[in-house]
Amino acid sequence: MTGKVDPVTLTVREMALFFSETFKIPLEQAMWLIQPPREEYGDLSFPLMRYLRGSGYGEREIVETLRGRLWEKGIYYISLSVDRGYLNLRFEESELSRHVFTLVRSGWRPETVKADAPETIVVEHTSANPIHPLHIGHARNTSIGDTLARLFKARGHRVNTRFYIDDVGRQTAIAALGFQILGVDPGSEAKRLGVKPDHLVGWVYAATHTILDILEAKKRLEKADAGERERIQRKIDSLMSTLSRLKDSDPGGYMGKLLDYSSKNDLEDRVQEIMRRYEKGLDPEKSLIRSVVAAVLEGFRETLARIGAEFDSWDWESDIVWSSRVEKLLEKARGSKYYVIHKGAEALNIPAIIEELVKPRPELHGSFKTPKGFEIPPLILVRSDGTTLYTTRDIAYSIYKFEQARADRVVNVIGADQRLSQLQVKLALLGLGYEREARNMIHYDYEIVRLPGRSMSGRRGEYVSLDQLLDEVKSRALSEVEKRNPDMPREWIEDVAEKVTAGATRFALVQVSSKKPITFDLERVLDFKENSGPYLQYTHARASRILEKHGPIDYGSIDYTASYHPERRRLLLLALRYPLVSAKAADDMAPEDLVAYLVKLADIFNSWYPKDSVIHDPDPGARNYKAALVNLVKEVLSEGMKLIGVPPLERM
RNA sequence: GGGCCCGUAGCUCAGCCAGGACAAGAGCGCCGGCCUUCGGAGCCGGAGGUCCCGGGUUCAAAUCCCGGCGGGCCCGCCA
């Protein structure tokens with residue numbers, strides 16, 4: 001139900017407007033300064049002392065004017081006071097809850113406050129290389145990206161989620177070569193063998209890549225001097241052991257054929273040729289690579305569905321190239337004053353762009369955080385052999401995203417290791433006259449996910465796939481659900497366990513600030529205690545069951561004096577913060593803030609409910625009040641959980 | 001060598017952007033209680049801290065500035 005605003009949100013908004021006008025501070029700043037203080041001081045507070053001095057107003061004057069403004073808006077059930085420089089506001093709980101539950105009765109539901117100026121926002125995320133299965137690092141990207149998209153939507157923005165399929169370049173060419181040697185179609189072969197297509201491709205890619213690296217190393221060994229020989233030999237030994245490990249996991253008896261071919265042909269030449277011909281869109285390379293990548297994407301979709309992520313658009317990098325968008329971009333670059341020849345290759349003069357376009361304009365410094373004292377080298381656009389580079393194609397793709405979606409903002413969820421190259425793309429856009437795009441392209445960076453004790457490598461086939469991980473989480477979930485629901489049908493248990501799995505995984509990956517590297521600890525994800533997705537689900541299920549046992553809520557018979565109870569009051573006030581908390585999480589692009597809030601709400605609910613029975617309360621007025629409160633909490637939990645991708649459950 | 005990010009309880013982290021009621025907050029783990037009352041994936045209580053170090057700004061610093069130290073990442077005609 002839109003158009004109706006709960007009294008707490010209304011109050012905060014009015015206060016913010018008032019302080020913003022009175023102290024001449026931006027409305028946004030006034031909003032975030034209004035914070036819930038420690039409970040004994042009240043429900044909302046504002047640090048007056050910072051602004052009072054020099055404003056010409058007195059404390060009393062401020063308090064009385066604000067009180068008048070709130071009364072005008074129908075917020076008369078408050079008390080205001082000033083204590084040690086803070087202005088504190090406290091709601092009178094019976095009137096507050098009467099207004100809230102009257103709203104509920106007329107159809108109001110807790111939801112994120114809508115943005116005053118809705119935007120169209122593209123969220124590009126995951127965009128994993130389509131040559132091996134998704135792993136845990138991608139899952140962090142997906143969890144963050146999908147949650148941002150949901151937060152933006154809830155905030156009232158138009159959202160377009162996109163997956164960039166990185167099919168141009170060396171990696172897909174290597175995987176394609178492998179399948180060409182084997183003479184099988186990845187999709188049908190996967191079906192025949194009964195393996196997931198992305199896993200099949202992952203193996204062929206790793207095997208082909210490793211063989212390629214061994215051949216390359218052997219070539220270098222021949223030319224190497226004595227000092228280098230030992231190092232190269234060690235490298236070869238390590239590659240050989242990788243190869244033998246791959247042989248052990250050979251899904252279709254392929255290794256012999258790959259080795260045989262590689263002894264008779266020059267693999268490197270073949271890879272180069274595939275790359276060149278694919279970039280021109282020539283068959284059979286075109287259909288070969290497309291069939292490999294399509295098979296992987298099929299596997300991706302299946303995995304992504306398990307954690308609740310879907311995409312509006314799938315963009316093939318090759319389409320960007322073939323559609324001549326890259327060519328047009330290069331034309332533009334050649335006509336630019338920042339076009340230079342660097343070491344014999346076509347390039348953009350990034351240092352000059354910084355010097356001339358960024359430095360003189362302080363308003364751009366925030367959006368283009370150029371490292372001080374650090375020289376960013378010119379950006380090479382075209383290789384000497386005429387093929388384009390990833391970054392060049394990414395510039396063209398960035399423009400495409402803005403145009404195609406008519407986007408106001410583009411948020412790219414990409415690892416922190418790509419900060420510099422993302423900055424280069426932005427600066428290139430700026431230099432080529434795409435200032436609006438450059439300013440509104442945001443690199444949402446997140447740190448890597450490490451596995452305890454080892455590193456991941458797609459080229460060597462060393463990774464824990466997301467599928468394996470989800471299966472492990474699910475087997476724990478199954479036993480937990482089964483233990484508690486021995487009489488439920490198998491199908492139901494499966495379904496609930498799958499949702500617990502999704503909830504546990506997404507929660508674990510989104511609760512920590514994206515700036516912190518995570519060392520992935522399976523035990524932590526399998527721990528369904530407090531501070532976990534299942535904890536929220538469990539709390540939601542508990543609330544559902546209480547309401548189920550209570551039966552329909554009779555709002556008409558509520559006795560509002562039942563609100564005079566410290567713990568019920570605390571729960572009510574906390575639940576009513578949801579609309580603004582989730583709005584701020586969206587604006588700050590900080591899913592972890594919403595997570596922290598939901599856990600806090602669950603904590604407060606869990607500590608209240610065993611002490612203050614709902615269904616056993618003999619007084620119908622109080623009983624219905626408490627049921628309405630439980631229902632409010634349940635709806636807030638449900639809304640918030642959906643935004644972070646933790647499926648709410650009625651029973652588990 | 002330079003740049004960016006991180007450094008808060010044994011462990012994992014929140015608070016820092018927007019300094020103020022912080023004598024610093026969670027979870028895990030640890031210690032001790034609670035299964036005859038709505039779901040124990042829970043509840044109640046306890047121990048546990050030089051907020052990396054040193055300066056500075058301020059009436060006020062975990063928070064801002066400067067300088068160190070430690071860890072990660074990045075500095076490609078790879079993607």
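Letters A, B, ... mirror the listed sequences (proteins, then strands); counts begin at 1.
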If I take atom CG in residue A/D603 and atom C1' in nucleotide B/A41, what distance separates them, rounded to the nearest angstrom? 13 Å
Between protein and nucleic acid, restricted to nucleotides 29-35 of chain B and to nitrogen or oxygen atoms under 3.5 Å apart, what atom pairs and distances do you find?
residue: B/G29; atom: OP1; partner: A/K529; partner atom: NZ; Å: 3.0

Consider only side-chain N and O atoms of A/E124 and A/S127, and report whether a donor and an acceptor are under 3.5 Å apart. yes
Ignoring backbone atoms, establish whether A/R383 has a side-chain N or O less than 4.0 Å from OP1 or OP2 of B/A79. yes
Measure from CZ on A/F507 to P on B/C13 and round the result to the nearest Å. 14 Å
For A/Q537 versus A/G503, what's the shortest heavy-atom pair and its separation? NE2-CA, 4.2 Å
Below the 4.0 Å mark, does B/A41 have OP1 or OP2 next to a side-chain nitrogen or oxygen of A/R484? yes
So, is A/K515 close to the B/G7 phosphate, meaning a side-chain N or O under 4.0 Å from OP1 or OP2? no
Atom pair distance, as rounded to whole Å: CG in A/D445 and P in B/C73: 15 Å
Centre of A/F368's six-membered ring, under 6.0 Å away, within 45 degrees of the axis: is that where NZ or CZ of A/K426 sits? yes
Look through every strand shown and name the nucleotide pairing with B/C43 as Watson-Crick or G-U wobble, where both distances are under 3.5 Å. B/G33
Nearest-Å distance, NE2 (A/H540) to P (B/A41)? 18 Å
Is it true that the side chains of A/T501 and A/R476 contain a donor and an acceptor less than 3.5 Å apart? no
For B/A79, take OP1 and OP2 only and decide whether either is under 4.0 Å from a side-chain N or O of A/Y390. no
Would you classify B/C35 as syn or anti? Syn applies when the glycosidic angle is within 90° of 0. syn
Relative to the 5' end of RNA chain B, which residue comes earlier, A/P534 or A/S384, by the nucleotide with the nearest heavy atom? A/P534
Check whether any side-chain N or O of A/R542 sits under 4.0 Å from OP1 or OP2 of B/G40, and answer yes or no. yes
Verify the neighbour count for atom CD of A/E268: are there more than 12 heavy atoms of other residues, nucleotides or ligands below 6.0 Å? yes
RNA chain B nearest-nucleotide lookup for A/E40 and A/L389: closer to the 5′ end is A/E40
Which nucleotide, in any strand shown, forms a Watson-Crick or G-U wobble pair with B/C13, with both distances under 3.5 Å? B/G25
Distances under 3.5 Å only, N/O to N/O: pair up the protein atoms with those of nucleotides 15-20 of chain B.
residue: B/A18; atom: N9; partner: A/W32; partner atom: NE1; Å: 3.2
residue: B/A18; atom: N6; partner: A/K584; partner atom: NZ; Å: 3.0
residue: B/A18; atom: N1; partner: A/K584; partner atom: NZ; Å: 3.2
residue: B/A18; atom: N3; partner: A/W32; partner atom: NE1; Å: 2.6
residue: B/G20; atom: O2'; partner: A/Y86; partner atom: OH; Å: 2.4

Would the distance check show the side chain of A/D593 and the main-chain N or O of A/A585 forming a donor-acceptor pair, the cut-off being under 3.5 Å? no
Is there a Watson-Crick or G-U wobble partner for B/G54 with both distances under 3.5 Å, and which nucleotide is it? B/C66
Could you check which of B/C5, B/A79, B/C43 has an atom nearest any side-chain atom of A/D166? B/A79
